[in-house]
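Here the structure is a predicted model, which means the values were calculated and not measured. Labels below follow one simple rule: chain letters A, B, ... track the order of the sequence lines, proteins then strands, and each chain is numbered from 1. Just so it is clear, the values below take in all heavy atoms, side chains as well, and ignore hydrogens, waters and symmetry mates.
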Protein chains: 2
Amino acid sequence: MFNKPATLKKIAKALNISVSTVSRALHDHPSIGQITKMRVKQKAIELSYEPNQAAIHFQKGKSYTIGVILPELSESFFSAAISGIEDTAYQKGYTVLFAQSHDDEEKEKNLVEKMKNQRVDGLLVSISKKTSTYEHFEMLKKQSIPVVFFDRIPPIKNIHYVNCNIETGTFDAVNFLLKKGHRSIGLLNGTVSLHATSERKEGYIKAMVKNRLKFDPTLVINCDLTEEGTINAMDSLLKNKRKPTAIVTFNDYVALYAIRYARSLNILINDDIDFVSYANLPIINYIDNAPLASVEQFPYLQGQKATEILIDLLNRTNDELDVEQAYYRITVDSRLIINDRMIKYNLADPITNP
Amino acid sequence: MFNKPATLKKIAKALNISVSTVSRALHDHPSIGQITKMRVKQKAIELSYEPNQAAIHFQKGKSYTIGVILPELSESFFSAAISGIEDTAYQKGYTVLFAQSHDDEEKEKNLVEKMKNQRVDGLLVSISKKTSTYEHFEMLKKQSIPVVFFDRIPPIKNIHYVNCNIETGTFDAVNFLLKKGHRSIGLLNGTVSLHATSERKEGYIKAMVKNRLKFDPTLVINCDLTEEGTINAMDSLLKNKRKPTAIVTFNDYVALYAIRYARSLNILINDDIDFVSYANLPIINYIDNAPLASVEQFPYLQGQKATEILIDLLNRTNDELDVEQAYYRITVDSRLIINDRMIKYNLADPITNP
DNA sequence: AAAAATGAGACAAACGTTTGCACAAAAACT
DNA sequence: AGTTTTTGTGCAAACGTTTGTCTCATTTTT
């Protein structure tokens with residue numbers, strides 16, 4: 001019952017000129033006269049012309065769409081990251097097609113396959129926890145589909161990525177606690193298999209060394225990140241001869257478990273023991289007995305950077321990509337954020353969260 | 001640097017048959033002989049043919065893409081909803097293009113505009129809080145682009161929607177508390193301008209009436225949902241002559257504020273006063289002094305249903321849509337979930353109700 | 001044995017856009 | 001004045017797929 005959208009042809013017919021002239025006029029092609037351009041643009045508005053994207057995609061062989069594969073949207077880290085991706089992509093005229101792997105390697109492979117064929121120009125990927133093979137990514141390179149990894153990076157060579165340096169934030173966190181006067185600081189770390197675990201440890205050690213304190217390995221406990229594991233780790237820390245007066249926990253969940261357990265032992269949170277964690281739960285600012293401070297990993301920024309890189313890659317020719325075997329490797333420094341409900345001490349360095 | 005993807009033409013050439021035959025063979029068209037079909041399919045695999053989606057979209061004038069506009073992905077309600085949307089859409093061969101309005105009416109309008117022109121076949125929308133005009137949606141109808149609204153429904157006629165009946169869950173919640181022996185139950189409600197506020201009140205009243213108790217309006221306090229507002233509302237409830245022994249709060253944030261304030265007054269949570277809330281923070285199960293139970297609004301299910309409706313709509317002809325002026329109006333009943341300290345995932349049917 | 005029906009495949013147009021090339025008219029040079 | 005250059009515009013092909021129509025050979029019917 002209604003008018004189908006206007007096409008170039010309709011404009012051409014209405015103005016009695018050729019389709020190609022219309023096309024060029026709308027693109028401000030130099031070989032079209034000013035008067036004609038005006039007339040065409042006028043008519044385009046009049047007929048409320050909108051270019052048929054499908055036709056353009058088809059014609060150009062590009063979809064102006066970038067695929068995003070990430071583990072879990074419900075993790076606030078990723079929902080923040082995708083906001084950064086979305087904003088940046090839209091701003092540059094790209095649209096975003098996303099999907100969740102739910103930390104399943106098989107699903108991840110299927111998604112790569114699905115996104116691959118003629119659908120997306122490039123891919124942004126944060127790999128699943130369980131992914132152990134990487135052929136599905138290697139294959140993309142053969143087909144000249146650029147991929148930028150973010151946050152969770154696969155251990156393969158010659159890739160573009162954006163990630164976060166956990167070490168710096170950890171260093172700041174430990175430093176912060178040392179400046180507060182703590183001398184025995186526990187690190188409730190993750191499992192050894194995680195890269196994030198060793199990064200935290202490195203930052204911890206560096207802060208100790210920097211402050212001319214000797215590193216006590218018994219104050220660093222690995223844990224499987226479950227509530228039970230956390231309780232065991234806490235027990236071990238509390239039994240330490242140098243019982244810690246401050247604890248840095250691997251993430252907010254661990255912090256919550258640890259704090260709950262500590263309270264059950266009548267330990268006063270952020271009094272008997274200060275806690276510092278890593279920012280992954282936005283709600284942490286709302287609850288009682290939350291950690292004093294968090295190490296922020298800037299998911300929005302990571303998403304933004306990764307998207308910028310990908311779009312830059314997309315705007316190069318295949319030749320350029322083949323020739324310059326240069327790979328983007330951007331690392332965002334994590335940073336300590338003081339939980340502002342808890343500010344009692346005036347520190348110059350760390351930033352506070354609104 | 002290597003092989004461009006195979007096309008129908010390549011297969012045709014390799015087999016010395018026509019393109020149309022190849023196309024029909026791959027679609028199992030009856031007018032193609034079995035032997036030819038076999039040969040074609042064989043060759044397709046051999047050349048690892050994948051249909052060029054852009055060409056198909058162009059040719060068919062459909063994108064097989066549905067647009068999703070929602071306020072905030074970082075709200076866990078919406079991230080769960082989009083999981084439901086995504087899963088359902090992918091399963092039916094559609095892809096999802098989403099964007100956030102960040103509760104900004106102007107942005108929402110722009111997004112509708114962006115999604116509209118030849119990009120998406122249909123739209124799934126949860127409107128922004130600030131949206132007060134609806135022409136941008138009315139216009140879609142003129143252009144035969146179907147829209148299904150979910151959760152946040154605009155107050156206009158003749159639309160398809162999926163939403164959640166808050167009343168039922170509220171009824172259950174109050175009933176649950178009454179069964180537990182409470183006789184004075186407070187309702188810490190939202191502002192009167194919100195539809196959700198009156199729904200909660202209705203459920204509350206119905207549960208009272210059903211149990212042959214008379215409704216005491218002084219036990220229902222409206223509040224602006226800020227921490228300050230919550231504290232004032234709590235004061236008012238605690239000063240009530242029939243000081244409530246249980247409180248139903250508008251949402252989890254309000255619950256956290258109320259609980260924190262109550263604890264500061266040395267009130268024992270879920271002992272002196274029982275709390276029940278509405279599920280919007282997944283983390284609520286991790287913290288101490290959390291509400292006893294939550295009213296679940298099934299975001300995943302809502303997303304799923306809305307997508308199913310939309311795809312059903314897309315598979316009809318415009319004529320059909322014009323003729324049958326029938327509108328889908330699906331309401332999911334909310335339901336009371338007892339907090340059992342277990343992690344809730346984004347599953348379709350997460351009910352662990354005793 | 002001739003006519004009709006069926007089966008299998010080919011041809012060509014169409015979708016809307018971009019872009020290399022041709023070509024005319026006007027303007028700028030000898 | 002004639003030649004070249006510039007400026008503005010049209011023509012047509014191309015992208016990959018789908019689909020209505022047409023052709024031809026084979027089989028069935030009479």
Side-chain angles (χ1 to χ4, degrees), chain A residues 3-41 43-44 47-65 93 116-121 143 317-318, chain B residues 3-44 47-65 93 116-119 121 143 317-318:
Chain A
N3 34 331
K4 317 243 164 288
T7 67
L8 291 185
K9 207 187 285 184
K10 283 220 185 89
I11 299 180
K13 200 161 287 173
L15 258 40
N16 233 350
I17 57 179
S18 83
V19 178
S20 55
T21 303
V22 175
S23 173
R24 283 189 249 254
L26 291 175
H27 286 85
D28 267 325
H29 192 281
S31 81
I32 301 295
Q34 286 306 321
I35 3 73
T36 323
K37 280 186 188 171
M38 287 315 214
R39 295 209 313 141
V40 169
K41 288 180 182 175
K43 205 64 173 181
L47 300 179
S48 66
Y49 167 77
E50 289 289 337
N52 180 329
Q53 298 298 335
I56 294 173
H57 295 170
F58 168 55
Q59 209 284 138
K60 296 218 168 189
K62 299 181 65 181
S63 63
Y64 294 94
T65 298
K116 197 180 53 181
N117 299 296
Q118 336 285 4
R119 308 252 339 88
V120 300
D121 293 341
Q143 304 182 246
T317 67
N318 285 348
Chain B
N3 37 330
K4 320 243 164 290
T7 66
L8 290 185
K9 206 187 287 184
K10 284 220 183 87
I11 300 180
K13 201 160 287 175
L15 259 39
N16 232 352
I17 57 179
S18 83
V19 179
S20 56
T21 304
V22 176
S23 173
R24 284 190 245 255
L26 291 175
H27 286 84
D28 269 324
H29 192 281
S31 83
I32 302 296
Q34 286 305 320
I35 3 75
T36 323
K37 280 186 189 172
M38 286 313 213
R39 296 209 311 141
V40 169
K41 289 181 181 174
Q42 178 57 42
K43 204 62 170 182
L47 300 179
S48 66
Y49 167 77
E50 288 289 338
N52 180 330
Q53 297 299 334
I56 294 174
H57 295 171
F58 169 54
Q59 209 283 140
K60 296 218 167 188
K62 301 182 64 183
S63 63
Y64 293 95
T65 297
K116 195 181 53 179
N117 299 295
Q118 335 285 4
R119 311 255 336 93
D121 293 342
Q143 304 182 244
T317 66
N318 284 347

Can you name the atoms? Protein N/O to nucleotides 5-9 of chain C N/O, anything below 3.5 Å, with the distance.
| residue | atom | partner | partner atom | Å |
| --- | --- | --- | --- | --- |
| C:dG9 | OP1 | B:Thr36 | OG1 | 2.2 |
| C:dG9 | OP2 | B:Gly33 | N | 2.6 |
| C:dG9 | OP2 | B:Thr36 | OG1 | 2.9 |

- Could you state the atom-to-atom distance from NZ of B:Lys60 to C1' of C:dA13 in whole Å?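 After rounding, the gap between these two atoms is 17 Å.
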
- Starting at atom CD of A:Gln59, determine the distance to atom C1' of C:dT19, rounded to an integer number of angstrom.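 Value for this atom pair: 8 Å.
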
- Query: On DNA chain C, nearest-nucleotide positions of A:Tyr49 versus B:Ser20: which is more 5'?
  - Reply: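 Final value for this comparison: B:Ser20.
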
- Of A:Lys9 and B:Val22, the one whose closest nucleotide on DNA chain C sits nearer the 5' end is B:Val22

- Task: Quick one: label A:Thr7 by what it contacts on the DNA or RNA (base, sugar-phosphate, nothing), any heavy atom closer than 4.0 Å.
- Result: sugar-phosphate

- Have a look at the helix from C:dA1-D:dT30 to C:dT30-D:dA1 and give the angle its two end axes make, five pairs each, rounded to 10 degrees.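 Nearest ten degrees gives 50° for this helix.
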
- Residue set satisfying ring pair (Phe, Tyr, Trp, His ring centres under 6.0 Å) with A:Tyr64, at least two apart, ordered chain then number -> A:Tyr94

- Message: For residues 54-65 of chain A, which residue pairs pass the salt bridge (Lys or Arg N to Asp or Glu O under 4.0 Å) check, not counting sequence neighbours?
- Response: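 Pairs touching residues 54-65 of chain A that pass the test: none.
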
- Task: Sequence neighbours left out, what pairs pass salt bridge (Lys or Arg N to Asp or Glu O under 4.0 Å) with at least one residue falling in residues 12-21 of chain A?
- Result: none

- Task: Measure across A:Leu47 and A:Ala6 and return the closest heavy-atom pair with its distance rounded to 0.1 Å.
- Result: O-CB, 3.6 Å

- Can you name the closest pair of heavy atoms from A:Lys9 and A:Val19 and give their distance? CA-CG2, 4.1 Å

For [X], all residues meeting side chain to side chain contact (heavy atoms under 4.5 Å, CB included), sequence neighbours excluded:
| X | value |
| --- | --- |
| A:Arg24 | A:Ser20, A:His29, A:Ser31, A:Ile32 |
| A:Thr65 | A:Ser63, A:Thr95, A:Leu97, A:Val120, B:Arg119 |
| B:Gln42 | B:Glu46 |

- Note on the structure: Outermost contacting nts on DNA chain D, any atom under 4.0 Å from chain A heavy atoms, listed 5' then 3', are D:dG8 to D:dG16

- Item | A:Lys37: partners by salt bridge (Lys or Arg N to Asp or Glu O under 4.0 Å), with sequence neighbours left out |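 By the salt bridge (Lys or Arg N to Asp or Glu O under 4.0 Å) rule, A:Lys37 matches A:Asp28.
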
- Query: Who passes salt bridge (Lys or Arg N to Asp or Glu O under 4.0 Å) against B:Lys10, sequence neighbours left out?
  - Reply: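 Expected list: none.
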
- Drop me the distance from A:Thr21's OG1 to A:Leu15's CG, to the nearest 0.5 angstrom.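 Interatomic distance, A:Thr21 OG1 to A:Leu15 CG, rounded to 0.5 Å: 10.0 Å.
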
